[in-house]
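What's counted below: heavy atoms across the whole structure, side chains too, no hydrogens, waters or symmetry copies. In this text the structure is predicted, and so the values were computed from the model without any measurement. Below, chain A is the first sequence line, B the second, and so on; all start at residue 1.
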Amino acid sequence: MRLSPFLPILSTRWYACYAGALTAPALGSPPPANINLYISLLNRCAEQRSISQTRRVHLHMNQTGFPHLSLGNKLVVAYLNSGDVDDARQVFDEMPNPHIVTWNAMISSYIRHKRILEAVSMYKLMLVKRIHPDEFTFSTTFRAFSGMRLINGGRAVHGHLVVLGLQSKNLHVSSALVDLYSKFGRLREAHIVYDAVDVKDVVLATALIVGYTQNGEDGEALGVFGEMVNSGIKANDFTFASILIACANLKDLFSGRMIHGAILKSEFCSNIAPRTSLLSLYSNSGLIEDSMKIFSEIVNPNTVAWTAIIGCLLNSHREEDALSMFRSMIFSSESPNAFTLSTTLAACSSLALLNQGKLIHAYALKTGLDTNRFVISALVDTYGKCGQIGLARMVFDSAIVPDLVSLNSLIYGYAQNGNGVEAVRLFHMMQSLGLGPNDATYVNTLSACSKSGMIDEGRRIFSSMVADHKSEPSNDHYACMVDLLGRAGRLEEAKELLAKAQKPDKVVWRALLGASKIHGEVEMAKWAAKKVLELDPGDDGTYVLLSNMYASLGQWEEVIKMKCLMREKGLKKEDPAVSWIHVDRAVHSFTAGDRSHPKGVMIYDELERLIEKTKGMGYVPDTRFVLHEMDELERDEPLFYHSEKLAVAFGVLSGRGKAYEPITIFKNLRVCVDCHNWMKLVSKLIGKEIIARDAKRYHCYRDGLCSCGDYW
DNA sequence: TTAGGGTTAG
């Protein structure tokens, strides 16, 4: 048999395929057009999802001049299956009368490729051409409107559905509609659609359950789940994954454990989604070891499972473990996504690990995840908490669309870094960025005013919050204002303001207690402490705070009373003060009077030397704070050996002779007044910047001054 | 057709 001149277009295998279908190929001429041949070829192209073969058959059809109009539907599907929506559309547009199935295939392909706008315009084109949509059209179009976040468009399509009388019975349509309304928080409407279906199935019920959990109505989700089980519908892995999230949000360990049992008995016990939800359930209930066990039983964790376990560790304040889990993930076959990066950045932010944060930033830039708003916010937060407010600002400015959370983080960054003026400036210009303040914006801005002593500005913002937003200030806002006024010594004014709070919580009273302590107002401190303990009798921090205040005033009998009271109540002591510093890729931590470091002798020598030199510059030890972080056993240790001083001494020792680099130390509690004064002088003495991050903020000491302006 | 993981504040 002579080969056809068209053979190069098709491979031998394909030739064999059509040769078999041809009855009598004419020698020397193109194969005759044969509809059955093309149908079989196009079916095969669609099955094998092969774009190159689809193009060849298409070309072949053009070359033979075969009118492919009747084959258009097949050709469109072959292109769509091969992932080429644009070529499919071209063929589609040439067809005089595409089949409804072809319209639907086009719409759902656009959705699959996240080209939602085109999906919706396709639906509109259908209406213009007076093509009657069918049930499949509706279910895909609802998904398109849901993806575009256009509730009104979706509603209008719902209207068409009702007009055509197709609305109630079809499960696919109803599920898509429940999903659409749920995504817009319209649970009442979602539930009406759900109720209208007589014979429900697991997908429909799961869509409603997910709607409720994603809108914070977890109790309702449990209700729908109960109804579903009672009506004999069997849950699948999607249902289990979702309902466990409802239990996790409600911290309903009892129901969660029952569902865990049901999963173990089901065929879905090894599926990853329900297992991932179980992780979250146990983590939310404070059972991190159970979460770890479940994770360890997952054979090949995917990105979601890795992210979940990193988040669990973070929630349990095990940031170091969260980071090492992230490293394990990098070595696995799964790649981090935006969820993973924002979670991991939160761990970096919490530990103020600048270099780790920068590595993740680099990864985000490389993978294009740097445009994700969650990643941006987490980066702004991390840089802010690492004292790199310039970088935080750069990341914020790099966002194409400004985002409220990242702006809130930036405001807080400026607050922490002692630039209250810029924080307030940002607050005032946010409207021009098209962003409206939320509760967190006010908390952050007011706390910026508080940290920078901007009393009048804080007052103005607080009043404007009520006037402009007509919202009642929350306890958090009252706490900020009490803190602002109290720190500035206006305790009576703070007390008057507090009286206006409808139902002040312990956060508000603790703000007053803290301010009273700063100003040595014993009676007010006692009153505030009493209120805190009424609201939370187990608040050990309050006992410690009172005890420290008595100590700073030299009222030792009261100190002893407090300690006895704590012992009686079985409360644990406050966490001991720890300071740490990163040197040569290792973390070196110190507690007060700690001599356990291998270079202990050298560190103490260095510290003595620094203290002597700074005394010469006017350093006078402030002995009021001796007990601040000392245990009874260490009371005889001089004030000089506070943890942050040891960390600074080690930093000076390690940095000597090396290229310039600021000394960065961290402390788990707030930095003490004496150490604060001392570090200012050390920065001048050694001609280097000292950066100290304490529990609340950053202090950048340079040339004898601190960025906080001595107000923290 | 339905699912699980994410950023800020006191």
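Without hydrogens or angle criteria, A:Thr441 side chain to A:Asn438 main chain gives a donor-acceptor distance under 3.5 Å. At least one donor-acceptor pair under 3.5 Å links the side chain of A:Ser139 to the backbone N or O of A:Phe136. Under a 3.5 Å cut-off, the side chain of A:Ser406 and the backbone N or O of A:Asp403 do form a donor-acceptor pair.
Within the 4.0 angstrom heavy-atom criterion, only backbone atoms of the sugar-phosphate kind lie near A:Ser280; the bases stay farther away. Using a 4.0 Å heavy-atom criterion, one finds that A:Lys506 contacts no nucleic acid atom at all. Within 4.0 Å of A:Ile272, counting heavy atoms only, lies at least one base atom of the nucleic acid. Residue A:Asn475 is classed as having no contact, given no heavy-atom separation below 4.0 Å to the nucleic acid. Among the atoms of the strands shown, none is found under 4.0 Å from any heavy atom of A:Asn271. No contact: A:Ser139 has no heavy atom under 4.0 Å from any strand.
With rounding to whole Å, A:Gln416 atom CD is found 8 Å from B:dG10 atom P. Taking atom CG of residue A:Leu512 and atom P of nucleotide B:dG10, one finds them 18 Å apart after rounding to whole Å. Atoms CD1 (A:Ile298) and C1' (B:dA3) sit 14 Å apart, rounded to a whole Å. Distance A:Met325 CE to B:dG5 C1': 14 Å, rounded to the nearest Å. The CG atom of A:Asn438 sits 13 Å away from the P atom of B:dG10 (whole-angstrom rounding). Going from atom CG of A:Leu497 over to atom P of B:dG10 covers 18 Å, rounded to whole Å. In this structure, the OH atom of A:Tyr412 is 6 Å from the P atom of B:dA9, given to the nearest Å.
The phosphate of B:dG4 (OP1 or OP2) has a side-chain N or O of A:Gln214 nearer than 4.0 angstrom. The side chain of A:Lys234 contributes no N or O atom lying less than 4.0 Å from OP1 or OP2 of B:dT2. Using a 4.0 Å cut-off, no side-chain N or O of A:Tyr442 falls inside it from OP1 or OP2 of B:dG10.
Listed by chain and number, the residues in a ring pair (Phe, Tyr, Trp, His ring centres under 6.0 Å) with A:Tyr194 are A:His191 (sequence neighbours excluded). Legend: residues meeting ring pair (Phe, Tyr, Trp, His ring centres under 6.0 Å) with A:Tyr123, ordered by chain and number and at least two apart, are A:His160. Applying the ring pair (Phe, Tyr, Trp, His ring centres under 6.0 Å) criterion to A:Tyr442, with sequence neighbours excluded, gives A:Phe427, A:His469. Scanning for ring pair (Phe, Tyr, Trp, His ring centres under 6.0 Å) contacts around A:Phe295 gives A:Trp306, with sequence neighbours left out.
Within 6.0 Å of atom NE2 in A:His428, more than 12 heavy atoms from other residues, nucleotides or ligands are found, so the atom counts as buried in its surroundings.
Within residues 333-349 of chain A, the residues that have a heavy atom under 4.0 Å from DNA chain B are, in order of number, A:Asn337, A:Ala338, A:Phe339, A:Ser342, A:Thr343. Residues from residues 393-410 of chain A lying near DNA chain B, meaning a heavy-atom separation below 4.0 Å, are A:Val405, A:Asn408, A:Ser409 in numerical order.
The aromatic ring of A:Phe238 sits over the base of B:dT2, with ring centres less than 5.5 Å apart and planes tilted by under 30°.
Judged by distance alone with a 3.5 Å cut-off, no donor-acceptor contact links the side chain of A:Asn302 to the base of B:dG5.
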